[in-house]
2 protein chains.
Amino acid sequence: MKDVAAAAEVALKTVSRVVNEEPGVNAATAARVVAAIERLGYRRNESARVLRKGRTASIGLVIEDVADPFYSGISRAVEDVALRNGSLVLSGSTGKEPERERGLVLTFCSRRVDGLIIVPTGSDHEYLLPELDAGIAAVFVDRPGGLDVDTVLSDNSGGARTGVTHLIRHGHRRIAYVGDSASIFTATERLYGYRHALRDAGLPYDESLVATGPAEQAGTALTGMLSFDDPPTAVFTGNSRITVAVLRTGHRLPMVAFDDFELADLLVPGVTVVAQDPVRLGSTAAELLFRRLAGELGTPERIELPTRLIPRGSGELRPS
Amino acid sequence: MKDVAAAAEVALKTVSRVVNEEPGVNAATAARVVAAIERLGYRRNESARVLRKGRTASIGLVIEDVADPFYSGISRAVEDVALRNGSLVLSGSTGKEPERERGLVLTFCSRRVDGLIIVPTGSDHEYLLPELDAGIAAVFVDRPGGLDVDTVLSDNSGGARTGVTHLIRHGHRRIAYVGDSASIFTATERLYGYRHALRDAGLPYDESLVATGPAEQAGTALTGMLSFDDPPTAVFTGNSRITVAVLRTGHRLPMVAFDDFELADLLVPGVTVVAQDPVRLGSTAAELLFRRLAGELGTPERIELPTRLIPRGSGELRPS
DNA sequence: ATGAAAGCGCTAACAA
DNA sequence: TTGTTAGCGCTTTCAT
């Protein structure tokens, strides 16, 4: 900048004014400065600017795994909103490890991101409090983080309830639930929705039809249930990975799955799903964050986005 | 840092030494400083550090779309390698728009990323030259960027050749090729591989069996070919989106597809694919970049990663 | 082993 | 309209 000033024979500040398009610069002077900038190939040093202004125009995004379509949908949406707000996105995957999450978040904070969008892993987020005090805004997505900050969720229990009710309407009375471990917020919510649907229909809750645990065990669990004297006639699966695991068993049981997935319509029969909207989850969270960064006050919001039942065949099969 | 120094009753520089784990600090003094840091909740300001040191310990990743599994695989791999090298990743999606690519790249540069990993969109990357001169390292991935810099590609032509040869071995003599527009590097390479395989087998190249264009037209193109007097008995598809489009037509033609995709094994018949390895593409590019950042010299490398044929049923069907 | 001073490149506040 | 000065928080250099 100094060199540009010298080349254009003006003061440093004038160059700064031109670069930042501040008003109050003579057109001729400005032109001279622009020419000098071109000639010298000058580009503003953002680091210095950040140091001075205190705002980095960047946000941190912490998700479980970019390679998972659900999270990459969130990523893309956050990216787009950030770009529209003149902000860049630093992102990192936690791989479900709370330690890695903590590391990423703190690293982002020490780089002075303006705000954070976090899909929380683990439940203890106390470590965030000093950062929040220091003025970094945060939004939790997909799961609550145990702190009183803005949170954007899907309607997990409502979606599960709708899906299970759909099976009941098609004549099923013994419906298996295969889902994630109870330690995971979304899994608990979805199981709650399952129970709710049964209760609505006056059906008993039979624990032997409920399997919770990692996707690797989902197949065996369901196969076990099918060997009962009174086996389930349909299954509700709690997330994509479990759905795929169940499909791989080769049982073609009537089924509704939580979470949409690519090609669900090409399988035979097509898989009926309760779809979340990852893009909307991401954009809602990002919009909320940028509103906070723009100075919007008020108590933290908790937004629950609706899910959508998409019938494709597997959920409309009657008991055989 | 000033506050910490005051609290620990030492000079600024001593705090700096402790924070950076530089040698030559009395253990007792260091302990006092650490205590003060804890007490005050001090965290180093990276922006200032960057301003002083000149290195940002961050790299820029420019891809087509994080929401596409191929690119998100690359992302995840780059992220992991970056983390291992103590670096953060700024990332952005171009959505195939060269203007957006340029914007992202220049923004990243003005933030003084140490290096760039780019999946190039468009062919003109002249605008990068000044940045390269300024010392920013760059690696192209998936497609060459028209500049003489490190590049990591898949063996597109070899993979296509293997896939088409596989169909020929199963008795097909009229094989359709449905692929992306010829303006896209990978598409041209794959078409070349297709022709190569035909030539190897002494089969004629019949232009009427070749359709290139956007995925939306793939279905109609293939349907058209099937109404010929002498229709193709098998099809080779040039990328995932086209594969899906072809599958949606409902023709269950013998087929080999370029690019693996989730659930390819669950369709009936399973889809035989020529798989690329996005994770390896990303990690190779990132490793290369960090080697350059570590000062490795030498002429730009061009690495071509092998593809892998995965038979699943659709590619082993004989002509009917 | 510790410290003082200079300065990275920029912008805010105030002058002229 | 333009310029001067100070200082963001850190590391580097040189002294002690």
Side-chain angles (χ1 to χ4, degrees), chain A residues 1-37 40-58 86 106-114 130-131 134-136, chain B residues 1-37 40-58 86 107-114 131 134-136:
Chain A
M1 197 174 240
K2 204 173 58 185
D3 295 345
V4 173
E9 297 177 310
V10 295
L12 205 63
K13 179 67 219 186
T14 304
V15 180
S16 170
R17 286 201 178 95
V18 172
V19 170
N20 293 297
E21 296 172 346
E22 283 172 32
V25 179
N26 186 306
T29 321
R32 243 180 29 249
V33 171
V34 170
I37 287 177
L40 276 61
Y42 166 80
R43 192 117 350 110
R44 176 172 65 195
N45 181 323
E46 287 302 317
S47 313
R49 171 166 229 253
V50 155
L51 177 60
R52 191 62 241 238
K53 302 207 78 160
R55 275 232 169 161
T56 56
S58 59
L106 293 181
T107 308
F108 289 165
C109 288
S110 74
R111 301 232 174 180
R112 298 293 188 272
V113 292
D114 300 329
E131 311 298 339
I136 293 184
Chain B
M1 197 175 237
K2 205 172 61 186
D3 296 345
V4 173
E9 296 176 310
V10 294
L12 206 62
K13 177 64 217 184
T14 303
V15 178
S16 171
R17 286 201 179 95
V18 172
V19 170
N20 293 297
E21 296 173 347
E22 284 172 32
V25 179
N26 186 305
T29 320
R32 236 172 44 240
V33 172
V34 170
I37 287 177
L40 275 64
Y42 166 81
R43 193 122 342 117
R44 174 172 67 193
N45 181 324
E46 289 301 318
S47 314
R49 171 167 228 253
V50 156
L51 177 60
R52 196 61 242 242
K53 302 208 77 160
R55 276 234 167 156
T56 56
S58 58
T107 308
F108 289 165
C109 288
S110 74
R111 301 233 175 178
R112 299 292 190 273
V113 293
D114 301 329
E131 310 298 340
I136 292 184

message: Let's see if you can work this out: which of dC10(C), dG3(C), dC8(D) has an atom nearest to the side-chain heavy atoms of Leu51(A)?
response: dC8(D)

query: Looking at Thr14(B), does any N or O in its side chain come under 4.0 Å of the phosphate oxygens OP1/OP2 on dT2(C)?
result: no

Val19(A) and Tyr42(A), any side-chain heavy atoms less than 4.5 Å apart: yes

Ser47(B) vs dC8(D): side-chain N/O to OP1/OP2 distance below 4.0 Å: no

- prompt: Rounded to whole angstroms, how far apart are CG on Leu40(B) and C1' on dG9(D)?
  reply: 15 Å

- request: Can you tell me the distance, in whole Å, between the CG atom of Asp3(A) and the P atom of dG9(C)?
  value: 9 Å

field: Nearest listed nucleotide, side chain of Arg52(B), among dC10(D), dG3(D), dC10(C)
entry: dC10(D)

query: dT2(C) C1' sits how many Å from Leu12(B) CG, rounded?
result: 12 Å

Separation of dT2(D) C1' from Glu9(A) CD (nearest whole Å): 14 Å

task: Using the closest heavy atom to pick a nucleotide of DNA chain C for each, name whichever of Ala11(B) or Ala48(B) lands nearer the 5' end.
output: Ala11(B)

field: Closest to side chain of Met1(A), choosing from dT11(C), dC10(D), dG3(D)
entry: dT11(C)

- prompt: Nearest 0.5 Å, what's the CD1-CG distance between Ile37(A) and Asp3(A)?
  reply: 12.0 Å

task: Measure from CZ on Arg49(B) to C1' on dG9(D) and round the result to the nearest Å.
output: 12 Å

field: Euclidean distance, atom NZ of residue Lys53(A) to atom P of dC10(C) [Å, nearest integer]
entry: 13 Å

Asn20(B) side chain near Arg49(B) side chain, heavy-atom distance below 4.5 Å: yes

- request: State which of dC10(C), dT2(C), dT11(D) makes the closest approach to the side chain of Arg44(B).
  value: dT11(D)

message: For Glu22(A), is the CD atom crowded, meaning more than 12 foreign heavy atoms sit under 6.0 Å from it?
response: yes

- request: Quick one: label Val50(B) by what it contacts on the DNA or RNA (base, sugar-phosphate, nothing), any heavy atom closer than 4.0 Å.
  value: nothing

message: Within the structure provided, determine whether Arg111(B) and Ser58(A) are in side-chain contact (heavy-atom separation under 4.5 Å).
response: yes

- line: Within residues 16-25 of chain A, those residues having any heavy atom closer than 4.0 Å to DNA chain C are Ser16(A), Asn20(A)

message: Of the listed nucleotides (dT11(D), dG9(D), dT2(D)), which one gets closest to any side-chain atom of Asn45(B)?
response: dG9(D)

field: Residue pair Arg32(B) / Val10(B), side-chain heavy-atom distance below 4.5 Å
entry: yes

query: Hey, is the side chain of Lys13(B) poking within less than 4.0 Å of OP1 or OP2 on dT12(D), counting only N and O atoms?
result: no

- prompt: What is the distance from NZ of Lys2(B) to C1' of dT11(D), rounded to the nearest Å?
  reply: 17 Å

task: Find out whether Arg44(A) and Ser110(B) are in side-chain contact, i.e. whether some heavy atom of one side chain is under 4.5 Å from a heavy atom of the other.
output: no

